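Below is one structure, written out as structure tokens; comments come after it.
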Amino acid sequence: MWGGGKLGSSGGWFLRVLGPGGRNTKAVSPLISSVYVKNQLSWILQIKPGVFNEYRTMWFKSYRTTFSCLNRIKSFRYRWARLYSTSQTTVDSGEVKTFLALAHKWWDEQGIYAPLHSMNDLRVPFIRDNLLKTIPNHQPGKPLFGMKILDVGCGGGLLTEPLGRLGASVIGIDPVDENIKTAQCHKSFDPVLDKRIEYRVCSLEEIVEETAETFDAVVASEVVEHVIDLETFLQCCCQVLKPSGSLFITTINKTQLSYALGIVFSEQIAAIVPKGTHTWEKFVSPETLESILESNGLSVQTVVGMLYNPFSGYWHWSENTSLNYAAHAVKSGVQEHPMSAEFAFKGEAEELQANACTNPAVHEELKK
Amino acid sequence: MAARLVSRCGAVGAAAYSSPLVSCRRWSGASTDTVYDVVVSGGGLVGAAMACALGYDIHFHDKKILLLEAGPKKVLEKLSETYSNRVSSISPGSATLLSSFGAWDHICNMRYRAFRRMQVWDACSEALIMFDKDNLDDMGYIVENDVIMHALTKQLEAVSDRVTVLYRSKAIRYTWPCPFPMADSSPWVHITLGDGSTFQTKLLIGADGHNSGVRQAAGIQNVSWNYDQSAVVATLHLSEATENNVAWQRFLPSGPIALLPWSDADHTDFIDTAGAMLQYAVGLLKPTKVSARQLPPSVARVDAKSRVLFPLGLGHAAEYVRPRVALIGDAAHRVHPLAGQGVNMGFGDISSLAHHLSTAAFNGKDLGSMSHLTGYETERQRHNTALLAATDLLKRLYSTSAAPLVLLRTWGLQATNAVSPLKEQIMAFASK
């Protein structure tokens, strides 16, 4: 995907975008101008001072909420929470800045986000097929009807919209205000999606309280390599999931190959990804991810590699997870009520949970 | 791949496409317009079949489809005694498509004619090629166009909750979305009808014939030329009783003539003369072990008032797709009827596009996205270009009585007749 490269070759290009002033209730309508300089893939952002203050306020708010939220987490399930009383938000302010600069480029399918658009060909079927296993009878045309999905770090809604089109009710959250504005604006033109999707500007920690155990699936695609505190983030993901709910993660592995191809080649040489988008230190290996997930009561079902071909612009599944990979984990269905435990395990045909096999009837189910 | 690179370059540059008709004006007051998922412009054989294919697709149960037809609704209360002289030769592949949404059953219950053999020969020499299906499969079917339309209309009525059909509605203006996604402008295609009503759609399919309004509005270049020929179609009565299941075709310098079987009882046939329509692919071939030459039946008389004339030409659109636009049928390609492939190519387009759209819908994709539309374009352009080129070549080759060319084509025909695998290949290609 040579979107950035092609921009460079056509010379300097000045884009002036007026924010949709009528849409937000804030008095200030942000004026953002981005300048793209020929030999440098860097974006110079000039924001009016008023807007910057709003972002600072937002960060302080999330900071405070995270603190109070973490203190209220039940200790018998999430003992690790007490270790993180430094109340760090998982949102990285540097990352917010990077994405703010590109907030209006989300929906250009041939633009800088083209690889993410074409990644939908892999990640939507991945999510859809794994969720369909848990639905006994699905409606034709709306296979995910009745499912509640949370898309964490939804950006411009690239993954949220396809899930909405498949019939699910989706809530998309993102800490970057401009992203949510873009996403909101884009979905507003489609009456069907408008009803099925809801966007909110917030971080995951802020909504953990109110949405505990309400989602059938949580999707964190290309997000975990941008968060500060991975353990807290995954704990929160687990908290908002219903028992037997699914967690879908796609991210980049931390290997020498991913440094060479993912950072050096993609960002600096070929401009497939805007410079500064990724930091190699924050990449997560599948083993690390698995161990954190398992310790939080999530059982990892699938880990599969993804490969991007920059010449064709298409993604492919791969055995090799050393670059990009996708993971599917299922929250354990252990509950106080034995009845609901049985229903939970009907959806997890492949999962073997030692502490749940108390009921011989459940044993029979699992053996089938 | 090349097309995609070009369009990517185009999208990044200042002028998105070379079309003079791209307009990015904001659509004001459009929020109350109905947004359709797919609008098919043109309710002929191909347009109606496209709407049917999508309406019956399992992944389109939640979608809204609109079919716009400029003419009135054609209701066929009962089959007329006399046969209509507008017929089409339906290949087995097209028959499979029609049966996938239940239209073929209606056709079988009404009227159609299967044929099993085809004999083609040259006027200037004795070269001949005979096609026969070894097994008892039919090579193709002759069906009246009215019968096909009636079957399609019936099937459309059965899915009226998903497919809306508007008759006597002609689109007079199309407004395309901006190539760059802009905050306040609608990303859909806007269609204005003659009566002033407007719609928005995520994907516009142009099935409006060789003078396609959709193609012209999109600014897609069309390579075309007119053959200085017209086709004459009429219904003939044969003088003797025959088992009427062979198609005959003879290439005369003035143009090919074909005799297509229609029925046993009345021995009526359709004949195309003087550069006229041929309903059979020279490609519908299959090897025969015995190349027995059969004589065509003799004609007793021509049915009165059954003669029709229409001009012939060739056309091929440079692009079949643009963002949120796809062309199918004659809007994309117009072919000389000597190969009998015109409507079959259109049905092939429908199969391919419906398959791509179905997969896209099941992946929750935006239906107007270029990623799957270019897949359709690549698949069909490969097939159609080859067939168009072959048909044009045959037409030119057989339009002359110059000795060297006659010799060439005689040898060619005889050689093809002798080489069974080649005949099989051609037959398979044309049967799709």
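These numbers were taken from a predicted model, which means no experiment stands behind them. So you know, we letter chains A, B, ... as the sequences are listed, proteins then strands, and number each from 1. Only this structure's heavy atoms are used, side chains among them; waters, hydrogens and symmetry mates stay out.
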- Query: Looking at Leu166(A) and Gly364(B), what are the two nearest heavy atoms and their distance?
  - Reply: CD2-N, 3.8 Å
- Leading residue by heavy atom contact count with chain B [cutoff under 4.5 Å; candidates Thr182(A), Ile127(A), Asp190(A), Val124(A)]: Asp190(A)
- Item | Stepwise side chain to side chain donor-acceptor pair (under 3.5 Å) test for Glu109(A) and Ser371(B) | CA-CA 9 Å; Glu109(A) 280 186 37; Ser371(B) 53; 4.8 Å; no
- Query: To the nearest 0.5 Å, how far apart are CG in Leu122(A) and CG in Asn363(B)?
  - Reply: 9.5 Å
- Message: If you compare all heavy atoms of Trp188(B) against all heavy atoms of Phe189(A), which two are closest, and at what distance to 0.1 Å?
- Response: NE1-O, 3.0 Å
- Interatomic distance, CZ@Arg165(A) vs CG@Leu367(B), rounded to 0.5 Å, equals 7.5 Å
- Query: Quick one: what part of Leu132(A) sits under 4.5 Å from any heavy atom of chain B, side chain, backbone, both or neither?
  - Reply: side chain
- Lys/Arg-Asp/Glu bridge criterion (N-O < 4.0 Å) met for Asp121(A), Lys365(B): yes
- Non-hydrogen atoms of chain A under 4.5 Å away: do they reach the side chain of Asp57(B), the backbone, both or neither? neither
- Task: Using a heavy-atom cutoff of under 4.5 Å, enumerate the residues of residues 139-154 of chain A that contact chain B, numbered in order, or state 'none'.
- Result: Pro140(A), Gly141(A), Lys142(A), Pro143(A)
